[in-house]
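So the structure is just underneath, and the comments pick up after that.
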Amino acid sequence: MSKKYPIISVVGSSGAGTSTVKATFDQIFRREGVKAVSIEGDAFHRFNRADMKAELERRYAAGDATFSHFSFEANALEDLERVFREYGETGAGRTRHYVHDAKEAEKYGVEPGHFTDWAPFEENTDLLFYEGLHGCVSTEGINIAAHADLKIGVVPVINLEWIQKIHRDRAQRGYTTEAVTDVILRRMHAYVHCIVPQFSQTDINFQRVPVVDTSNPFITRWIPTPDESLIVIRFRNPRGIDFPYLTSMIHGSWMSRANSIVIPGNKQDLAMQLILTPLIERLVREGRRARA
Ligand SMILES: Nc1ncnc2c1ncn2[C@@H]1O[C@H](COP(=O)(O)OP(=O)(O)O)[C@@H](O)[C@H]1O
Ligand SMILES: O=C(COP(=O)(O)O)[C@H](O)[C@H](O)COP(=O)(O)O
């Protein structure tokens with residue numbers, strides 16, 4: 001936690017929608033005049049694509065079938081923790097990009113499956129924004145969650161998460177359904193042990209739930225639309241959250257528990273703006289005051 005240089009961490013599995021949610025945050029930052037520096041979790045993968053494949057094969061041959069991008073050891077989490085700590089103390093840090101596909105290759109001038117060089121953060125920013133797989137990890141020797149001031153989980157129910165991943169990886173990254181299915185299976189052990197526990201560290205979880213049949217996620221022809229889904233929003237600490245205000249502003253929403261509201265899927269953007277804007281505004285105000 002840092003009053004001076006606050007950190008927002010948005011965590012979700014591959015295909016959960018963290019990159020999509022980033023657009024909502026960027027909109028709030030722009031509207032509120034917040035200067036944010038953004039980092040992607042993929043920047044902290046320990047291996048490039050070819051080296052990851054070699055490491056996977058090496059471990060598989062040695063009898064370890066649990067290794068994947070979700071595993072703690074596949075990521076330089078000590079570097080991520082250091083970046084969070086240093087930013088919180090000094091406002092400085094560095095990041096890079098993992099290039100997934102041809103479009104990103106054109107943007108960054110680096111072949112798919114490789115990283116760009118590390119580059120320092122822009123100076124004089126109000127906050128650090130992280131989006132990725134491991135931004136709320138708290139495990140033996142590593143505590144990334146402890147450095148983040150606002151922690152958000154993006155967690156569709158699992159069938160929907162798989163559908164989103166399959167469609168995105170096929171459309172944007174050129175993989176087949178079979179290849180994505182293999183990746184989902186290979187990552188399952190680390191999904192349970194490394195990804196899921198983070199959603200008990202988060203301050204707010206956004207869980208998208210389809211209201212159409214997704215019983216066989218491997219054959220669905222399209223991603224359920226916002227109109228075909230609901231979103232459960234759960235607050236770890238409901239104290240200070242104005243539920244009557246939220247449920248009156250978000251048409252069609254209701255409280256399902258003392259710390260949870262349910263909203264129509266097409267109100268996700270509005271709900272995020274209503275919920276997150278005051279929280280971001282407070283972090284930025286306190287940060288600016290502490291740095292003055
Ligand atoms: N709320 C949503 N409604 C409909 N589609 C969504 C929603 N959130 C994400 N998606 C879709 O799911 C896919 C994966 O989302 P993405 O943001 O790339 O996930 P991540 O960055 O977490 O891996 C994308 O095709 C995206 O358009
Ligand atoms: O799992 C992730 C998370 O990213 P995202 O949330 O964007 O899916 C990896 O970055 C890619 O799958 C890279 O693997 P590869 O390059 O082998 O496809």
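Note that the structure is a prediction, hence the values are computed from the model and not measured. Note that ligands are numbered from 1 as they come in the structure, with each ligand's atoms numbered from 1 the same way.
- Among protein heavy atoms, the minimum distance from atom 17 (O) of ligand 2 is reached at R49 NE, 3.6 Å.
- With a 6.0 Å cutoff to the six-membered ring centre and a 45° limit on the axis angle, R187 counts as a cation-pi contact of F70.
- The closest approach between R168 and ligand 2 falls below 4.0 Å for a heavy atom of the residue.
- Note on ligand 1: S13 sits in its first shell, one or more heavy atoms being nearer than 4.0 Å.
- Looking only at heavy atoms of the protein, atom 7 (O) of ligand 2 is closest to R173 NH2, 2.7 Å.
- In this structure, atom 6 (C) of ligand 1 lies nearest to the protein heavy atom Q164 OE1, 3.6 Å.
- Clustering ILVMFWY residues whenever any of their side-chain heavy atoms sit less than 4.5 angstrom apart, transitively, puts I275 in the very cluster that holds V154.
- Nearest to atom 12 (O) of ligand 2 by heavy atom, out of K165, Q172, H45, R187, is R187.
- The protein heavy-atom contact nearest to atom 26 (C) of ligand 1 is T20 OG1, 3.8 Å.
- When non-hydrogen atoms are compared, ligand 1 lies under 4.0 Å from neither the backbone nor the side chain of K165.
- Regarding atom 4 (C) of ligand 1, its nearest protein heavy-atom neighbour is R208 NH2, 3.2 Å.
- From the protein, the heavy atom lying nearest to atom 18 (O) of ligand 2 is Y175 OH, 2.6 Å.
- Just one of E89, R82, R85 meets the side-chain contact (heavy atoms from CB on, under 4.5 Å) condition when paired with H147; it is R85.
- When the options S68, G17, G41, S14 are ranked by their closest heavy atom to atom 8 (O) of ligand 2, first place goes to S14.
- Defined by atom type and a distance below 3.5 Å, a donor-acceptor pair is missing between the side-chain atoms of T202 and R236.
- For atom 19 (O) of ligand 1, the closest heavy atom belonging to the protein is G17 N, 3.1 Å.
- Crowding of N237 atom CG: a count of heavy atoms from other residues, nucleotides or ligands under 6.0 Å exceeding 12.
- If you look at H100 next to ligand 2, the close heavy atoms, those under 4.0 Å, all belong to the side chain.
- Scanning the protein for heavy atoms near atom 14 (O) of ligand 2, the closest one is H69 CE1, 3.2 Å.
- Shortest contact from atom 24 (C) of ligand 1 to any protein heavy atom: R168 CG, 3.9 Å.
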Chi angles and distances behind the ring pair (Phe, Tyr, Trp, His ring centres under 6.0 Å) call for Y98, F44: CA-CA 8 Å; Y98 177 81; F44 296 86; over 10 Å; no
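- Not a single heavy atom of H167 sits under 4.0 Å from any atom of ligand 1.
- Of the protein's non-hydrogen atoms, the one nearest atom 21 (O) of ligand 1 is S19 OG, 2.4 Å.
- For atom 23 (O) of ligand 1, the nearest non-hydrogen atom of the protein is G15 N, 2.7 Å.
- Atom 4 (O) of ligand 2 has as its closest protein heavy atom D42 OD2, 3.1 Å.
- Counting protein heavy atoms only, atom 16 (O) of ligand 2 is closest to Y98 OH, 2.4 Å.
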